[in-house]
Amino acid sequence: QVPLVESGGGTVLAGASLRLSCAPSGRTFIRYTMAWIRQAPGKEREFVATVWWNNSRIYYDDSVKGRFTIFRDNVKNTITLQMNNLKVEDTAVYYCAAGGPWTVPPHLSLFTWWGQGTQVTVSS
């Protein structure tokens, strides 16, 4: 059973917006750091954003600052990534992941649970 399930990917034009959602399956991750991580073709996985369990700490990669917003709702048990002003270079598979502890910058090795990913394609 996949512990995290992503949704909301798609194909859009540059400048458009998308909202990705992540919902745990079979367990909760309330006390864990949650992250959105992406992987473009031929490139390594990179962090997009991470959020501490109560939204009090948030990290964004420089490439998405001012355009993306991460938010977790511990009542609805969801993590969302609002992506505005999308660029062609944002094209990637986006993964939701859970782990800990909180670090800046975040480290992939600390994220234990992953979703299967959702494709985001931005065309010019």
Please state whether the rings of Tyr94 and Phe68 are parallel, tilted or perpendicular, taking 30° and 60° as the class boundaries.
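Because their plane-to-plane angle lies in the 30° to 60° range, the rings of Tyr94 and Phe68 count as tilted.
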Listed partners of Tyr32 passing ring-ring contact (aromatic ring centres under 6.0 Å, His included), at least two apart
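Scan of Tyr32 (ring-ring contact (aromatic ring centres under 6.0 Å, His included), adjacent residues dropped) gives Phe29, Trp113.
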What's the shortest heavy-atom distance between [X] and [Y], and which atoms?
X     : Y      : result
Ser63 : Asp61  : OG-OD2, 2.5 Å
Ala14 : Ser124 : CB-CA, 4.5 Å
Ala92 : Gln119 : O-NE2, 3.4 Å
Leu81 : Ala49  : CD1-CB, 4.4 Å
Phe47 : Ala35  : CE2-CB, 3.9 Å

Do [X] and [Y] land in one hydrophobic cluster if side-chain heavy atoms of ILVMFWY residues count as linked below 4.5 Å?
X      : Y      : value
Leu110 : Tyr95  : yes
Trp114 : Trp36  : no
Val104 : Phe111 : yes
Ile79  : Tyr59  : no
Ile37  : Ile58  : no

With sequence neighbours excluded, residues passing side-chain hydrogen bond (donor to acceptor under 3.5 Å, both in side chains) with Gln82
Arg19, Asn84
Partner set under side-chain hydrogen bond (donor to acceptor under 3.5 Å, both in side chains) for Lys76, not counting sequence neighbours:
none
Would Met34 and Leu4 count as a side chain to side chain contact (heavy atoms under 4.5 Å, CB included) here? Give the steps.
CA-CA 11 Å; Met34 300 299 297; Leu4 297 163; 4.0 Å; yes
Check: Pro3 and Ser25 side chains under 4.5 Å, non-hydrogen atoms:
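A side-chain contact is absent here, since even the closest heavy-atom pair is not under 4.5 Å.
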Look up atom [atom1] in [X] and atom [atom2] in [Y], then write down how far apart they are to the nearest 0.5 Å.
X     : Y      : atom1 : atom2 : value
Asn54 : Ile30  : CG    : CD1   : 11.5 Å
Asn77 : Arg27  : CG    : CZ    : 10.5 Å
Leu86 : Thr121 : CG    : OG1   : 10.5 Å

Co-members of the apolar cluster containing Phe71 [side chain, <4.5 Å]:
none
Counting only N and O atoms by type, is there a donor-acceptor contact under 3.5 Å from the side chain of [X] to the main-chain atoms of [Y]?
X      : Y     : answer
Thr118 : Gly9  : yes
Glu6   : Leu20 : no
Tyr60  : Ile70 : yes
Thr112 : Gly99 : no

What residue pairs, at least two apart or across chains, pass side-chain hydrogen bond (donor to acceptor under 3.5 Å, both in side chains) with a residue in residues 66-75?
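Those involving residues 66-75 are Arg67-Asp90, Arg72-Asn74.
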Please list all pairs passing the salt bridge (Lys or Arg N to Asp or Glu O under 4.0 Å) test where one or both residues lie in residues 42-56, with sequence neighbours left out.
Arg38-Glu46
